[in-house]
Amino acid sequence: MPAEHAILAEIPRLRRYARALTGNAAEADDLVQDTLERALGKWTLWRPGNLRAWLLTMMHNVFVNQLRARPVLVMADEDELAAIPVRPRQHDELELRDLDRALARLPPEQREVLLLVGLEELSYDETARVLGVPAGTVMSRLSRAREKLRAILAGDGKPQHLKVIK
Amino acid sequence: MSERIDRDRLHAYADGQLSDDERAAIAARLAEHPDQRAEVADWLRQKALLHDAYDPLLAEPLPPALAALAASGGRPRLRPLRIAAALGWIAVGVTLGSVGDRFWRPAPDSTELATLPHRAAVAHAVFVPEVRHPVEVGADQEAHLVAWLSKRLGARLRVPGLRAEGFHLVGGRLIPSDSGPGALIMYEDSAGRRLTLYVCIDDANSGATAFRYARQDTLSTFYWIDGHSAYALSGELPRETLLPIATTIYRQLAGEPHG
């Protein structure tokens, strides 16, 4: 079993990923906790190696299981919406909630790839291993996710016309 | 003009996943393809947006319950921890909110949760204004109140004490809930402000949820499920005033075994 401090050191990253993946602080809380529980139950399967990727794999499995469960509408917390802190932004005026909403419109499997590559900075191979899919699938999902996010952020939400190449 | 750059290569370029040689080669070819250059710029902007939005989480102190969990070696004492974690997050002022219009949740607790704050708010609104008959059994008969409601709910009810929070028990009443009889416990402070704790038991409930918060006009409600019991604390108080009271109630109730 990895040293406790090694696990502790990974939790902030897990929280960041979970927060972006779920779009919600409470959901992220649950997801991280479920992931740690699952990981702690499977330490015997752990082999020295990339702890972060291993934990992200656990989180992917938990996330997918949750998606498979019957989807139910949960009310948003309006008070928390209002309480989102406004931070100085270098890049543009985009609010956190706008980004949350944009990400929520991506299919979950595309969102995972986009975040593992774009936020967690995993290599394509690591991403493929975490998600248990071929590298080619990672690339196609990444490409679709980026195109769709671009369209959503540009305000139209619809897929762009396919460009004819050659 | 060189051929268009392969899309996978282009992504790898944007993600810094090419060797130095490859990167230099792509950079040179990009000069001839302004549309692909714009595409890469857009991807880089997306990445910057993601980091900008979510990196602040990295600097936040860990919720104590999560740290404790990592240190626990996975011993199964997790249910209280889940609530504790949620409380910890709220308490340390994590205000990254619940956003987006909806979220997918696993099924078990969701039906109850979806209607809980509304049911509690209705009960609160109906009975709190009552001057002469706000409750059926008053605080002067607390033992009888507990025995009676426990019998009707089919589970041992505990009436949390909120003296330390400045609220004394007014009493309680039986109310209908989706799953049969429920209880409404009422408290009042010296200024006459009233809180209600709505309790119902449903064997279909299991596990535990994080604290959730709902607001309807001026009425704040914290609600949660623990075991078979669903709770909702409502009051016309600001969220930050109600939260410590809900925390106290949770702690007092959490010591109880759940069927």
Side-chain angles (χ1 to χ4, degrees), chain A residues 1 4 7-8 11-13 15-16 19-20 22-27 29-30 32-33 36-37 40-41 43 66-67 69-81 83-85 87 89-91 94 96-97 99-101 104 115 117-119 123-124 139 142-143 146 149-150 153 165-166, chain B residues 4 7-8 11-12 15-17 35 42-43 45-60 62-63 65-67 69-74 78 81-82 85-86 89 94-107 110-111 113-114 117 210 212-215 220 239:
Chain A
M1 180 167 164
E4 176 193 320
I7 307 163
L8 278 172
I11 295 181
R13 298 276 299 245
R15 291 182 68 204
R16 176 177 67 173
R19 176 65 183 76
T22 61
N24 173 276
E27 299 284 308
D29 175 7
D30 284 355
V32 172
Q33 180 138 2
L36 289 174
E37 288 172 16
L40 291 167
W43 279 132
Q66 288 180 356
L67 289 178
R70 189 167 61 89
V72 175
L73 196 68
V74 173
M75 54 187 281
D77 183 334
E78 290 179 19
D79 205 60
E80 284 188 0
L81 283 180
I84 291 170
R87 290 187 297 273
R89 296 191 172 276
Q90 293 183 318
H91 302 287
L94 193 75
L96 175 59
R97 74 176 102 169
L99 190 56
D100 278 326
R101 288 195 172 121
L115 294 173
V117 171
L119 182 62
S123 74
Y124 300 149
M139 296 316 296
L142 179 64
S143 193
R146 283 179 165 161
L149 183 61
R150 191 200 64 71
L153 294 178
I165 298 175
K166 267 178 91 168
Chain B
R4 293 180 63 80
R7 276 188 82 78
D8 287 1
H11 282 289
D15 291 321
Q17 300 200 18
D35 58 327
D42 196 72
W43 298 339
R45 176 173 165 273
Q46 289 183 11
K47 292 174 70 136
L49 286 173
L50 290 173
H51 282 289
D52 198 23
Y54 300 114
D55 280 359
L57 266 171
L58 296 178
E60 277 179 9
L62 272 193
L66 282 183
L69 178 57
S72 74
L78 302 172
L81 277 178
R82 178 178 298 285
W89 283 42
V94 175
T95 49
L96 288 173
S98 94
V99 285
D101 296 318
R102 53 189 172 167
F103 318 101
W104 304 123
R105 287 283 301 175
S110 298
T111 311
L113 269 185
R212 287 164 190 271
Y213 177 75
R215 189 171 185 88
S220 291
R239 175 199 181 105

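Sequence lines set the chain letters: A, B, ... in the order given, protein chains first and strands last, and positions in each chain run from 1.
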Quiz item: Please walk me through it: do A/Arg16 and B/His51 pass side-chain contact (heavy atoms from CB on, under 4.5 Å)?
Solution: CA-CA 9 Å; A/Arg16 176 177 67 173; B/His51 282 289; 3.7 Å; yes

d(B/Tyr54 OH, A/Asp100 CG) to nearest 0.5 Å is 3.5 Å

- Query: Can you tell if the side chain of B/Leu62 reaches within under 4.5 Å of the side chain of A/Pro12, non-hydrogen atoms only?
  - Reply: yes

Hydrogens and angles aside, do B/Asp8 and A/Tyr124 bring a side-chain donor and acceptor to less than 3.5 Å of each other?
no

**Asked** So, do A/Leu119 and B/Lys47 sit near enough that their side-chain heavy atoms are less than 4.5 Å apart?
**Response** no

Separation between CG (B/Leu57) and CZ (A/Arg15), nearest 0.5 Å, reads 5.5 Å

_Side-chain donor or acceptor of B/Gln46 paired with backbone N/O of A/Gly118 under 3.5 Å_ = no

Of A/Met139, A/Arg146, A/Arg13, the largest count of non-hydrogen pairs under 4.5 angstrom with chain B goes to A/Arg146

Honestly, the part of B/Asp42 sitting under 4.5 Å from a heavy atom of chain A is side chain

Bottom line for B/Ala12: the part with an atom under 4.5 Å from chain A's heavy atoms is both

Between the CG atom in A/Leu142 and the CG atom in B/Asp15, the distance rounded to the nearest 0.5 Å is 6.0 Å

Between A/Leu153 and B/Arg45, the two heavy atoms sitting closest are CD1-NH1, 4.4 Å

